[in-house]
Number of protein chains: 2
Amino acid sequence: MKIAAAPAENQIDVSTHYIRDTIRDAIVDRRLAPGTKLSEADVGALFNVSRTLVRGALQALSYEGLVNVEKNRGAFVAYPSPEEARQIFATRRMIEPGILREAAKHIDPSHLQHLRQLLMEEGRLINERGQTARRAEIKASGDFHLMLASMTGNAVMQRFMDELVARSSLVIALYGQSAISSCGHQEHQDIVTAIERKDIEHACKLIVHHIDHIEADLDMRENRGSDLREAFRL
Amino acid sequence: MKIAAAPAENQIDVSTHYIRDTIRDAIVDRRLAPGTKLSEADVGALFNVSRTLVRGALQALSYEGLVNVEKNRGAFVAYPSPEEARQIFATRRMIEPGILREAAKHIDPSHLQHLRQLLMEEGRLINERGQTARRAEIKASGDFHLMLASMTGNAVMQRFMDELVARSSLVIALYGQSAISSCGHQEHQDIVTAIERKDIEHACKLIVHHIDHIEADLDMRENRGSDLREAFRL
DNA sequence: CATCAATCGATCGTATACAATTTCACCATC
DNA sequence: GATGGTGAAATTGTATACGATCGATTGATG
């Protein structure tokens, strides 16, 4: 399978960071399918850089859990197992109530306004059709949770949530049913409402159930499609 | 300053992982002081490998927050600012109660036995003197929290805690008062007792206060010693 | 016809070479 | 004596070279 990534972009200063971010976006947006091989030479050719920089980017993505690097075999877009997916959502359930309680301490009106704005954008996307809108919807849903994390003013936690949201997007793209639940949007609204009322404990309950619902909407049977092969690899 | 790291170890297959782990241990154990420059050539010479592998290891450590890589200047052992230190502990307060609640769901008698064993080891170290014992004590204290994380059976969360504990150790080594509080050990015991009684909510309160106490025992004034310089860098 | 071994091609792992940048010493100047 | 500029040395950034490993194809053999 050929990789459909960004063009060479001769003008831009192509660094490891740029390559990493570009590939990450492509993975999270599902323009790169899980399991796709990311050959160092191919990626390097696409960006007009040597394998050295590509390796750096792939290594970084492997730390983030978006790419699996197999020794002497190469790098592949992550294909999270159902167990891995469960752990990602379990981790979010462990973390996000804590984020909400901490965010509540630092909240100010502009935060609430920004949250409401995100919700409106989200609502707009739900009514659109097509794959592009679907991708944007998944991204917007993640942005909502990232916004909550950013309200804590805690860069360490934000990085953790960045990773969790990115990996969640990958999981949703992989195992999501075509009949996507638009109730997620309603749940986001309910959470903001609870925050506005300063009923943080209720917001915590809501967000845990929300994560439950996201997970419940997935169909995580093994061996979807053709990739028996990955199933047997280490 | 010369680096006092592991010898060349000609026999061992020295990979990026090995280098990363060795440097990480040295940082967390404070055999490498914060701010120490990790020159690629020097480190490579110590391990008898080329700069290629060293760069990989340093990049990995930078992702973990134990090393700062500054473009065109090199890699330095992280020198966490007070603000960064506060964020690390704040993150732990957000996460660890969630870990406790999740761990409680998966608990079995062997876990409790292992916890008690860690506590005994910890108690033994408190009564020893010397820098070696101090290092071991900091490490043991971290291991207690890592054990709780491992009880969740969640690899994603475990990795987050690995990072947080390692960075905490660095912070404690940096800002810790010489008069270390041995009440941390008592607090660990109280937490285990609460878990044994299945009073998880109490254990959560205890662990949050415990983290508060660790943080309160630090002296996080800026500009300790000479390093104005770091203060102005990006 | 199936199975297994040898070989070849492709890809990765690591070292090395060269370019770009920073650092530091030295010297001129005020 | 302090300041500022110049050039060499040291260090990092990136590309390339070469050896090692893996996978597939081919051909021999039962």
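Each chain gets a letter, A, B and so on, in the order the sequences are listed, and its residues count up from 1.
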Rounded to whole angstrom units, what separation is found between the [atom1] atom of [X] and the [atom2] atom of [N]?
{"X": "A/Glu40", "N": "D/dT21", "atom1": "CD", "atom2": "P", "value": "16 Å"}
{"X": "B/Glu70", "N": "D/dT12", "atom1": "CD", "atom2": "C1'", "value": "12 Å"}
{"X": "B/Arg51", "N": "C/dA20", "atom1": "CZ", "atom2": "P", "value": "15 Å"}
{"X": "A/Phe76", "N": "D/dG23", "atom1": "CZ", "atom2": "P", "value": "9 Å"}
{"X": "A/Leu53", "N": "D/dT12", "atom1": "CG", "atom2": "C1'", "value": "13 Å"}
{"X": "B/Lys71", "N": "C/dT23", "atom1": "NZ", "atom2": "C1'", "value": "17 Å"}
{"X": "B/Tyr18", "N": "C/dT14", "atom1": "OH", "atom2": "C1'", "value": "18 Å"}
{"X": "A/Phe47", "N": "D/dA15", "atom1": "CZ", "atom2": "P", "value": "13 Å"}

From C/dT16, D/dG13, C/dC12, nucleotide with atom closest to A/Asn72 side chain: C/dC12

Does the side chain of [X] get closer than 4.0 angstrom to OP1 or OP2 of [N] through an N or O atom?
{"X": "B/Thr52", "N": "C/dT14", "result": "no"}
{"X": "B/Lys37", "N": "C/dT23", "result": "no"}
{"X": "A/Arg55", "N": "C/dC12", "result": "no"}

Side-chain donor-acceptor contact under 3.5 Å, A/His106 with A/His111: no

Smallest separation among heavy atoms of A/Phe89 and A/Leu218, with atom names: CE1-CD1, 3.6 Å

Closest non-hydrogen atom pair, A/Ser62 against A/Val69: CB-CG2, 3.8 Å

Spacing of B/Ile211 atom CD1 and B/Met94 atom CE [to the nearest 0.5 Å]: 10.5 Å

Test: A/Arg92 cationic atom under 6.0 Å from A/Phe160 six-membered ring centre, within 45° of axis: no

Nucleotide pairing, DNA chain C (Watson-Crick or G-U, distances under 3.5 Å), in dot-bracket with [ ] and |: ||||||||||||||||||||||||||||||

Min side-chain heavy-atom separation B/Leu32-B/Leu38 under 4.5 Å: yes

Check: A/Asp212 and A/Arg93 side chains under 4.5 Å, non-hydrogen atoms: yes

Any N/O donor-acceptor pair, B/Arg73 side-chain to D/dG13 base, under 3.5 Å: no

